[in-house]
Structure formats: C-alpha cells, structure tokens
Amino acid sequence: MKKVVTFGEILARLTPPGFKKMSQTNQLEIYYGGTETNVSASLSILGCNAVHVSRVSDDFLGNAAISNLKSNGIDTSFVQKGEEPLGLYFVEPGAVVRSGVISYNRNHSAFRALEPNSIPWAAIFKDADWFHWTGITPAHSENNFLALKEGLMVAKEMGITVSCDPAYRAGLWKYGRKPEDVLKGLVALSDVFIGGAEQFNELLDTDFSLSDEDFKLGSKALMAEFPKLKKIYDKTRTGKNASWHQIEARMWNGKNMFSCEPIEITHIVDRIGTGDAFAAGAIFGELNNFAEKDSVAFANAACAIKHTIEGDANLADFNEINQIAGGNTSGRLIR
C-alpha cells in the first residue's frame, strides 16, 4: 500500500439543496473537504494509505470534519485542534446558463493559526512514498507558508516524491509576500507539476496559450526554470454552459507529450473538487507505474466521474474510474 501525505485546510462547505439560490432556501447541506483533503480522500478510496496534516476547531464542527475524513479512510493522526473556528465556504450551484457562486469565510480559521514548528514532518513522512501540496496553503498565512516550506525540505531530505498544484488564488495573499516569489521557491522543491498555461504564465511571466504546441513550449520553459521537475500534467476544460463541459488531459515527460480522448459531461451534478480528482488520478497513476498514456487517461477519467458525485471528494473506486479511462462512458446499469 502506497503512503501519500497531504497538507492543507479542511473546510466545511454549505450549499442549498438541489440547484436553489441562497435566497430561496432556509436549509443548507454540509460537506467537508478542501483541495488537499479531497486529493487525500480520493487516493484513500483508490487503496492508498492517505495521511492528511491540518488543524481544525476544537469543537463539534471540527470533530465532525475529522469523522468525515476518517469515514473516507484518511489517517487523521496529525490533524491538530485549536480554539479558532473551522474555515467555511458557501456555494450557490450554477445550472445551464446560470453561473455558480462561491463565498469564503476562512480569514481567521484554525488552520491559518497553525504553528509552523508544531508539525513532526520526519515522523509523518516515515515510509511515505509521496507528498502533495497546492498553492492555496501558502496563500493563507506566513505560518502556513513556513510549515509547508519545512515539510518540503524534509521531504527532499528523505527522498520523497513531491507533487504540486500551484493554484493561484489572488484574493488569499494578504500577509505581505509576493505569491510569485513564494510559489517559485516551493515549485523548485517539487517533482511533478499539475497545471498548464495559466500557471506557466504566472510563474514565468509569459503568455502561453492553451494549444498543444504552447503546452510543449511552456513545459520545456518550466522544466528549464525548475530542473527538479520530471513530469507536467494538465487538464483543459471547454464549457458550453454551467451544466455541460468537455475535459481532456495531457502530460509532458521532458521529451514527449501524451494525451487522451476528451470526455463530455452533459449533466454536471457537482463541479467542486473535479480538479482535485484529476490530481489524485495523476498521482495514483504515477505511484503505480502506469504507462504514461494510461496515467493521463486515468487522471482525466477521475476528473470526469467526479462531476457526477455530490460533495467535495471523488468517491469513485478504481474499477469505476478505469472503465471510463478505457472508453466506456455509456453509464449503463451494472448488474
């Protein structure tokens, strides 16, 4: 069983039932997640030993969040508790021509107050195969940035493979550091990059497009800037409306590009967490030494099936994802 460690904020998500607007309802459904948490949940369901590092409120909401992670098989031994509240976010789902809307309430959360020196990284990484981080974590606070940086340094010393999804959230960077400078330093300590033209342009101050040719050129430029990188995974999305998207994936290994057939999702159930499902699929393929074309197809299929699952985490197992990766998108009843 491969051991994967993730580090990031656990959030409670509040959303109206169905596709109601917030003004239409006096009821809210609650889900627990967060970008890195979602990756951990998916990998656990796929059969990995997933360990998530975080900090939650020391109350019934924090306890409920931990229970939710445990229900997905995640090891929560290194989830701390604090007196600050659990981070929240509210989602008003979109439908067809109506866009979805998200509002965050996480500025004073328990995770942001985490003390950098309080994480026993060496113990956490014992027997670990992989460490995954995203650009959301260092965006929160100086404490979160320093904790992640220390974790990456320890992972490097211990020879652990590191993947990064340096998702840029401009509205989160409020503590004085320039996001480009922070992310460059952290990406330099990573082995697998999950992102495309938008991330290339933010890190390199370039203007690459979404074309395959620019993906190749951007990947070469990124690897030249960050020579520790060995592979780059990217997912592109074309949306007809809020309910109908087409996704496809590609990967660069330093010499060649691999891609897969696009998958069309005509009735989106839940858009949240689909990128996290893609990251988990790519990590799973790498951990299990999939052929490169198969790893790309598996990641794309993981992303696609998450669009059909309510909540933040991808609850699909290996067989469900693999049949889609193999081209079976009929959705016929299995008896």
Side-chain angles (χ1 to χ4, degrees), residues 1-10 33-55 69 72-80 111 114 116-140 143-167 182-195 199 222 226-233 251 275-290 295 299 302 313:
M1 184 182 290
K2 302 293 186 179
K3 179 178 175 181
V4 181
V5 178
T6 55
F7 173 51
E9 184 167 28
I10 303 169
T35 298
E36 303 84 2
T37 310
N38 299 338
V39 172
S40 199
S42 181
L43 287 168
S44 173
I45 291 165
L46 286 169
C48 296
N49 175 15
V51 180
H52 188 63
V53 182
S54 191
R55 188 171 186 266
L69 266 64
N72 287 324
I74 299 172
D75 184 341
T76 61
S77 302
F78 298 99
V79 175
Q80 304 173 15
F111 181 72
L114 179 147
N117 298 326
S118 66
I119 302 177
W121 287 114
I124 293 169
F125 287 141
K126 182 181 179 183
D127 301 323
D129 300 281
W130 200 282
F131 179 44
H132 178 70
W133 66 273
T134 81
I136 296 174
T137 293
H140 285 306
N143 282 0
N144 294 159
F145 160 59
L146 292 176
L148 174 58
K149 184 178 180 181
E150 182 186 355
L152 287 169
M153 296 298 293
V154 175
K156 181 181 179 182
E157 291 171 5
M158 297 179 69
I160 295 165
T161 301
V162 174
S163 59
C164 66
D165 176 1
V182 169
L183 293 174
K184 283 180 180 180
L186 301 178
V187 171
L189 296 169
S190 305
D191 303 284
V192 176
F193 186 96
I194 301 172
Q199 288 71 40
L222 195 73
F226 305 106
K228 195 172 187 290
L229 291 177
K230 300 176 183 67
K231 291 186 178 178
I232 298 171
Y233 281 84
M251 183 264 281
D276 308 328
F278 176 78
I283 293 169
F284 187 78
E286 290 293 326
L287 281 169
N288 290 279
N289 299 311
F290 285 11
S295 186

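The structure presented is a predicted model; accordingly, all values stated were derived computationally and were not measured.
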Side chains of Glu150 and Asn117: closer than 4.5 Å at any heavy-atom pair?
yes

If you compare all heavy atoms of Phe125 against all heavy atoms of Val154, which two are closest, and at what distance to 0.1 Å?
CD1-CG1, 3.8 Å

Atom pair CG/CH2 of Leu287 and Trp130 - distance to nearest 0.5 Å
5.5 Å

Any non-hydrogen side-chain atom of Cys48 less than 4.5 Å from a side-chain atom of Phe284?
yes

Just jot down the side-chain contact (heavy atoms from CB on, under 4.5 Å) partners of Ser42, sequence neighbours excluded, or say none.
Leu46, Ala280, Asn314

For a quick test of reading the model, state the closest non-hydrogen atom pair linking Phe131 to Ala155 and the distance between them.
CD2-CB, 4.4 Å

Taking side chain as C-beta onward, heavy atoms only, is Glu36 less than 4.5 Å from Val53?
no

Once rounded to the nearest 0.5 Å, what's the spacing between atom CG of Asn288 and atom CG of Asp129?
10.0 Å

Thr76 vs His52 side-chain heavy atoms within contact, under 4.5 Å
no

Tell me the closest heavy-atom pair linking Ala279 and Val39, and the distance in Å.
CB-CG2, 4.2 Å

Do side-chain atoms of Asn72 reach the backbone of Ile74 as a donor and acceptor pair under 3.5 angstrom?
no

Do you know the tightest heavy-atom contact between Ala41 and Ala313?
CB-CB, 3.8 Å

Salt bridge (charged side-chain N to carboxylate O under 4.0 Å, His left out) partners for Glu9, two or more places apart:
Arg106

Excluding sequence neighbours, so at least two apart, what forms salt bridge (charged side-chain N to carboxylate O under 4.0 Å, His left out) with Lys231?
Glu286, Glu292

To the nearest 0.5 Å, what is the distance between CG on Asn144 and OG1 on Thr137?
6.5 Å

Any residue meeting side-chain contact (heavy atoms from CB on, under 4.5 Å) with Leu189, in chain and number order, not counting sequence neighbours:
Leu152, Met153, Lys156

Hey, is the main chain of Gly73 close enough, under 3.5 Å, to the side chain of Ser44 for a donor-acceptor pair?
yes

Measure the shortest side-chain to side-chain distance between Pro116 and Phe145 over non-hydrogen atoms and say whether it is less than 4.5 angstrom.
no

Sidechain-backbone polar pair: Lys149 side chain, Val182 backbone, donor-acceptor under 3.5 Å
no

Is the shortest side-chain heavy-atom distance between Leu186 and Cys164 below 4.5 Å?
no

With rounding to the nearest 0.5 angstrom, report the CG to CG distance, Leu114 to Leu146.
10.5 Å

Which distance, rounded to the nearest 0.5 Å, do you find between the CD1 of Ile232 and the CG of Leu222?
4.5 Å

Hey, is the main chain of Thr37 close enough, under 3.5 Å, to the side chain of Thr6 for a donor-acceptor pair?
no

Sequence neighbours left out, what passes side-chain hydrogen bond (donor to acceptor under 3.5 Å, both in side chains) with Lys228? Give chain and number order.
Asp191

Note, Ile10 side chain near Phe111 side chain (heavy atom, < 4.5 Å):
no

Taking every heavy atom of Leu183 against every heavy atom of Gly135, the minimum-distance pair comes out as CD2-CA, 3.9 Å

Does His132 reach the side chain of Ile194, with side-chain heavy atoms less than 4.5 Å apart?
yes

Please list, chain by chain and in numerical order, all residues satisfying side-chain contact (heavy atoms from CB on, under 4.5 Å) with Ala139, sequence neighbours excluded.
Leu172, Trp173

Considering all heavy atoms, the nearest Ile119-Ala147 contact:
CD1-CB, 3.9 Å

Checking side chain to side chain contact (heavy atoms under 4.5 Å, CB included) for the pair Phe226/Ser190: CA distance, chi angles, key distance, verdict?
CA-CA 9 Å; Phe226 305 106; Ser190 305; over 6 Å; no

How long is the span from the CE atom in Met251 to the OG atom in Ser295, to the nearest 0.5 Å?
6.0 Å

Show your working on side chain to side chain contact (heavy atoms under 4.5 Å, CB included) between Phe78 and Val5 and close with a plain yes or no.
CA-CA 10 Å; Phe78 298 99; Val5 178; over 6 Å; no

Start with the C-alpha gap between Leu229 and Val187, add the side-chain angles, then the distance that decides, and say whether side chain to side chain contact (heavy atoms under 4.5 Å, CB included) holds.
CA-CA 8 Å; Leu229 291 177; Val187 171; 4.3 Å; yes

